[in-house]
Structures are given as C-alpha cells and as structure tokens.
Enquirer: 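Got a structure for you, written out below as structure tokens; questions coming shortly.
Given the structure is predicted, the values throughout are model-derived calculations rather than measurements. Chain letters run A, B, ... following the sequence lines, proteins first, then strands; residues in each count from 1.
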Amino acid sequence: MFPEVAAESPLLQSLNPEQRAAVTLPNEHALILAGAGSGKTRVLTTRIAWLLATGQIGPGNVMAVTFTNKAAKEMMTRLAAMLPVNVRGMWIGTFHGLCNRFLRAHYKLANLPQSFQILDTQDQLSAIKRLMKQNNVDEERFPAKETQWYIAGLKEEGLRPNAVDVRTEEDRRKVEIYQLYEEQCQREGVVDFAELMLRSYEVLRDNDPIREHYQRRFHHILIDEFQDTNKLQYAWIKMFAGAQNSVLAVGDDDQSIYAFRGARVGNMSDFVSEFSVRHQIKLEQNYRSYSNILDSANELIAHNKTRLGKNLRTDQGAGEPVRIYEAPTDMAEAQWMVEEVRNLVRDDNRRNEIAILYRSNAQSRVVETALFNAAVPYRVYGGLRFFERAEIKHALAYLRLLENPSDDTSFLRVVNFPARGIGARSIEQLQDAARTAGSSLHDAVAQTTGKAGANLAAFVAKVEAMRKETEGLTLREIIEVMLQQSGLIDHYRAERDGADRIENLEELVNAAESFVTQEGFGRDAVALPVDELGKTVLRQSPASQGLDPSLPEVNEPAPDYVPPDAETGETLSPLAAFLTHAALESGDNQAQAGQDAVQLMTVHAAKGLEFDCVFVSGLEEGLFPSERSLADYGGLEEERRLMYVAITRARKRLYLSHSQTRLLHGQTRYNVRSRFFDELPEHALKWLTPKNQSFGGSAFGFGMGYPTSRSGNSSATGYGRGSSETFASPPVPPQKSEPAHGLKAGMKVFHTKFGEGTVLTLEGSGQDARAHINFPRHGAKWLALSVAKLTPVT
DNA sequence: ACTATGCCGAGAATA
DNA sequence: TCGGCATAGT
C-alpha cells in the first residue's frame, strides 16, 4: 500500500539483510530457518508490525501461533511496543489457546456446551482411572498412565476410536477404553488438551463455510517453533491455508527436541513440498554468543546426518574458551560447580545469569545439596505450578461444580474434601447408581438412600447453596464465598502446615482479580489500532472483506473473550472464563521468582532461554546421550540436538562437566565421558582437568588412574584473583595407585576357577572395585577385582 | 479417617 | 536408593 514508506520504515532499521528479507516477504508461503539467538522473535513481531504499519492488513487479518503462553505473551508485548495496536484483540496465542477460542465461538458445531471445561493432565488421569475402575479394566494390564499416553497419542495423530487400526485383542480393549473415555468426557462436558486441537480441526475440516471464512480472514498465518508441531497441529494449520493467504513457518530443525511427545521435524520439509514454498530464508547471524561457543555448537551439530543445514556466525570475538571439567564423583562435580559459581559471582556476574543445566531431573538433587550447603541461593525450574497445587485444584473443583454440576471429576475430588463422612463405599454406591441411570454423580445423589445418601445430599445441597449465594457476585466475591463455605480455609487453618496453602488460596483470589482487570474480561472497549504514521487504521467491517457477518468479528477484545452465542446472546460467565484461563495457563513453575538466584533446570526447560554463564553437567555416556535414546531410531541425533540447545544457551561462558562415577538408583555407576566431547573443536576448548584419552572409546581403562602428564592449565585467561583455575590443589583427588584393571562392561574375561565370562557391570573404585560377571557355567557372580584373578579374553 | 507398609519405577514436558 | 502411590490395618 505504501511501498516507499515500507522500504524505509523505521521498523526495518537495524535488521540484517536476512531478517529484513523475512520481514518484508510477499504474501506467499515461506519457511524461515532461524538459528539459535538469531533474532527469531524479533523477526516474527516485526513482520506483523510491518504488515500492519504498511496498511497491508488489519489486526484481524493475522494469526500467530506459539507453543507456550510465555512466547505468545512476549510476542504481544513486543508488538505492542512497536505499534499502538490492541494486541489482545488479535489472534496471537498458543495452539490450545486459539483452539479454545475457536471452539467457544463454534461450540454448537463442535457439539460442546458453551462453557465446556478443560481437563489438565492430572484431571485426565483421574478421569481415566475412574473410568477403568468402573468398567473393570485390569489396571495391571492397562496402566492408567499408559492408557492416557495412548489416547493422547492417537488424538494427536488425528485418530478417533473408529479410525484406529486394531490388530490385537489388546488393541481392541485399549480402543474400547478410548471410546468409553470419549463418551465420558462428552457426557460431562469436558475436553482434554488434545481434544481442543482435534475437535477444532474437525470443525474446520467438516464445515466448508467456516473454513473458508477463516481462510479469507487470516491473510497471514505465522507459526513459531514449527519444528515442534505434531501431525495434528500441522493438519490444523493446513485448514487455515487457503488460496489467498500465506503461512510463514519459523523454526529450527537443529533445535527439535520433542520427538518423544509427538513433534515431527519432518513437518518442515513436508511444508516446503506440500505448500510449494518458494521462499526459504536462513537466519544464521547469531547475536548471543562468542565464537568459541558458537564454533562448538556448529561443529557438534554438524555430526548429525539429517538436517536442513545451517551454520551460525557471529561478529563477536572468540571470547572465553569452553571449559571442560572431569570430576571423580557426582558430588565433586557439584562441588566444583558451586566453587565456579562463587567465583563468577565474585567477579560481578549476577546469579540470575548463571544456569546449571542437566539432562534429567534426578540430577538436580546433588547440585541442590551442594548449593544449599554453600548457602548459594538457587532456583529450580519445573516443580508444581500454581494452578496444579492440590489446594488450588480443590478450590477450582468447587468452582467448576458451581459452573457445571455434572463435572464428575471435580465432584469426586471434593465430595469428601474437607472430610464430611463420605467414604469409598458411599461413593461406589453413588457411581453405580449414576451408571445405571446414565446420569452424572450429582444427579444420582437423589436416588441414594440411608445415611450415606444423607451425607451426599448434604454435600449437593451445600454446593447448590453456594451457587445461590454467589449469584450476581463478582468473581472475587464468588471465590471468597466458596473458600469459606466449602470449608477449605477452615480445613487448612487446622492443619499444621496449612499456612502456605492458605496463602496460595489467597493468591488465587488475587489471580482472579487480576484476571478480571488485566485481561479486561467483560469490557467491550477496543482501542483502535493506529499505524506508525499516526493514521488510524480503520476497523474493517466483516462485510467489506467478504466475510460472513454472522461469524466472529474481526476485532475482538480479550484473548479469553468469548463471542456471545449468535442466537441467544449467551456468553461465558467470568467464572467459566477464569476456569478456562486456569486450565490453559497453569502459571509459574519457578519457586521464589524475582530473587537473584542460580538457575537450575533441565536442558529441555532451558530451550528458548539464555544466560551469561552456563554449566552443562553430567555429560556422560548413558546419561547424556541417555541410554534409552540410543535404542530408538534417530535418538542419538535428538540427543545431539539437545546438546546443541544446551551449548547455545550461553552468551559468554560455557562449562561442560562429567563425572567418573555417579550415584544412580542407589548404585554407583561408572560412566564414560560423553561422546559429545569428541565432537567439539579442540581450539575452542580448555580442559581444566587432563583430557584422558582412554575415555572416548579405547578398550582399556574406564576411568581409574590418570596419565602422568598434566596439561591444559597453562594459559589461565580466566578471571584473575586466584580463581579456581590456578590449581591450588588438584581438582581430582589422587586415586589409589591401583593399576587400572582395564575392564569394561561387555568384555569377555577368563577366571581361573569359573572359566570364561562376560562383564555385566562394574562398581566401586580402587580397593573396592567389584565386577558383576556372568559365567555361563556358574551363573553371575560379583567379584572383588583386587582379589579375583581375571584376564581379558581377546 | 488416618497411619503404616509394601511395591514399583526410575526420560525429557507444553497446553 | 528414594519417593510416590495404593492398599491394609487399627
């Protein structure tokens, strides 16, 4: 519309040529390969801003999809900073958030109640357990967790029970459970996360006018983290792609680390072929890390065979070398990290800017202990989130019952909490009654008799009284009344450690309050978008765009806003909207946010984050890469990508460490240094402990003893003032001068008495070293290596 | 209704 | 080895 303006738009300033090309792409399908730290979010938001500012589209013509609420929020914040536009009214959100919005708008077509509630993972599991009990499914043969995984997996493949390929009797039974589960959810008016996606996909697929409406409406569809999309999400995106609009997929195949939960990197290449993508742009300029770090990342990931191909570069200098440390034990490794952290903090690094990463959550323990003992503040990511806490779930269950009495999951959660004399027996009877009547538990209460029936009736009466009492109240007041009437507050007040829980319940009131005000729920004012030239971008009427006026309007207020039913004018209550919000945004999962603390998290959790200093610990064969990954196809490459993600989190300093021994499942495990060390460029590395050649693959020596020559600590470029790099004491405690026995798991050995056998495992060190060896004629035996006379068999 | 005990499992996790 | 969960026992 204003090409001259577009070309010199201030929005485009300070973008590099690739970024600029991406931002100003024509309205055609395109794939952006965005390397780590290449300004991906910036490109996405600037693209939207540019489209708006140049008048090519209005705010209603964009749909931008992310995976996490955090990413969606960041996009909205940045966009709002660039343009005075009402970002809340735009279709920017997570896949599930947008599906929710879509389903509320088309609830009739979706065959759902307008105020359907959303089951989170916990709710879903308990719903499945309940269903399996009622249908006498053997939980030994069909564990509830597995069934849950199975159902979610099928839904993410887009498969309904009738479409599942049944081959075995077991399949048949599992599909039967799936079918029953679906019926139960439908009856109770609830949907799980996968259902949000699948149901909206089906509505789009089966209703041509609806699909075409959205295709006309969204001129531009932008997808973030495209490499993480699963089959269903990809199919869902396809529904929105029409003749006139375009899909901009942004992703990084090298950062695809979620195959285990259904992500298909292959969607990227499928997208290119199926959408006949003509524009592919690589963002390879990295603005985050020094080149030693980037070189390491590049060289490592080059070992992967299946990749689209990309190489990060930076204008920054080499920076610090990547430091590598080998510890004798996991405790020593943790101790070393604590020391380094202290040095870093002393040298004016903020603790917030230091991250300790590990492959599996179990590894956090030993690190936490070390930090705790050293009184270094730290913060662990990935605990329970706010809306997942038990007391909050209880409160939400009461609220859900107010909204929907036939929500059996919620009913069961609180029918006897706080305890009111309704035991397992009464509940069983009630469930039987409900089943024969084909009704909800709530409705079945009327049919129960005796003292159990009286208690149940009292509960139902209580909830109904609450519903009456809260009628017409504000959300805040509703919650306050509920907290009192339900007895939750009293219950926790009486409990020893109930103070925290009460505090959380009070926080729930605050959360509701800020939901009402911040989200603007219930308000209808929509700020008119203004472009950067100061002209008002007129609100486009649906009719003028060839849109169906009866369908949702182009500009809508809050993200949780639900358009009223076209016929009845019915819309969601603030309470129902808040419950949806609670399910879709489970809140912060970081303890003590805001404090200046060292950040502890898994590598997965670190994706998308960056820190000045990063420690990647436990780099050992079997751990990272994990043992289990080696079994499945492409597993090692995904581990390598995970390592790539870990490395690219660091801006200035990167530390990689591993330990010879590690306490795992109560056993000391001997671990060999991760193969990933051998895939890094030597010039970028600095071995703080000697690089023991025997580690990466040679047959003998699995970690006992060291070569006599020490190297690697000559050029102390570090951070002066007696840092740990001046080895006052050797970081590795001297091992017993025990000759390395040279055994490895899997090796064949000969014993004078037992004959030939195979080494199964090795344990202990020095004098205590033992081996579990399987002798075909005598069975498996534990042998003390200092005593047993073993000779390797070649 | 609450506590004690035994068993199992143990990878990463968004919405 | 540890911890979460389900069941048994008082």
Enquirer: Where the side chain of A/Ser586 is defined as all heavy atoms beyond and including C-beta, which of B/dA13, B/dA15, C/dT1 is the nearest nucleotide?
Expert: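 Taking heavy atoms from C-beta onward, the closest nucleotide is B/dA15.
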Enquirer: Under 4.0 Å between any heavy atoms, over every strand shown, what does A/Asn416 touch: base, sugar-phosphate, or nothing? Just pick one.
Expert: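 Sugar-phosphate only.
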Enquirer: Less than 3.5 Å between a donor and an acceptor, one on the side chain of A/His604 and one on the base of B/dA13, is that the case here?
Expert: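 Such a pair does not exist between side chain and base.
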Enquirer: With a 4.0 Å cut-off on heavy atoms, is A/Gln124 in touch with a base, just the backbone sugar-phosphate, or nothing at all?
Expert: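 Since no nucleic acid heavy atom lies under 4.0 Å of A/Gln124, the category is nothing.
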Enquirer: Can you measure A/Tyr381 atom OH to B/dA13 atom P for me and round it to whole angstrom units?
Expert: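 Going from OH in A/Tyr381 over to P in B/dA13 covers 13 Å.
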Enquirer: When you compare the ring of A/Phe260 with the six-membered ring of B/dG11's base, are the centres less than 5.5 Å apart and the planes under 30° from each other?
Expert: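 No, aromatic ring not over the base.
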Enquirer: Over 60° means perpendicular and under 30° means parallel, so classify the ring planes of A/Tyr258 and A/Phe260, tilted if in between.
Expert: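 Tilted, since the angle between the ring planes falls between 30° and 60°.
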Enquirer: Heavy atoms from C-beta onward define the side chain here; which of B/dG11, B/dA13, B/dA15 lies closest to that of A/Arg385?
Expert: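 Taking heavy atoms from C-beta onward, the closest nucleotide is B/dA15.
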Enquirer: Roughly how far apart, to the nearest Å, are B/dA13 and C/dC2 at atom C1'?
Expert: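 About 22 Å, rounded to a whole number of Å.
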Enquirer: Please tell me which of the listed nucleotides, C/dT1, B/dA15, B/dA13, lies nearest to the side chain of A/Asn69?
Expert: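 So the nucleotide nearest the side chain must be B/dA15.
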Enquirer: Rounding to an integer number of angstrom, what distance separates C/dG3 and B/dT14 when you compare their P atoms?
Expert: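 Roughly 23 Å separates the two P atoms.
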Enquirer: Nearest to the side chain of A/Asp632 - B/dG11, B/dA15, B/dA13?
Expert: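 When the side chain of A/Asp632 is considered, B/dG11 is the closest of B/dG11, B/dA15, B/dA13.
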Enquirer: For A/His581 and A/Phe387, take the angle between the two ring planes, folded into 0 to 90°, and tell me which bin it lands in: parallel under 30, tilted 30 to 60, perpendicular over 60.
Expert: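 Geometry flag for A/Phe387 against A/His581: perpendicular rings.
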Enquirer: With a 3.5 Å cut-off and no angle check, do the side chains of A/Glu368 and A/Tyr378 form a donor-acceptor pair?
Expert: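 Yes.
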Enquirer: Using the six-membered ring of A/Phe116, assess whether NZ or CZ of A/Arg104 lies under 6.0 Å from its centre and within 45 degrees of the ring axis.
Expert: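 Yes, a cation-pi geometry.
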Enquirer: When you measure from the side chain of A/Arg628, which nucleotide among B/dA15, B/dA13, B/dG11 comes out closest?
Expert: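 Nearest to the side chain of A/Arg628 among the choices is B/dG11.
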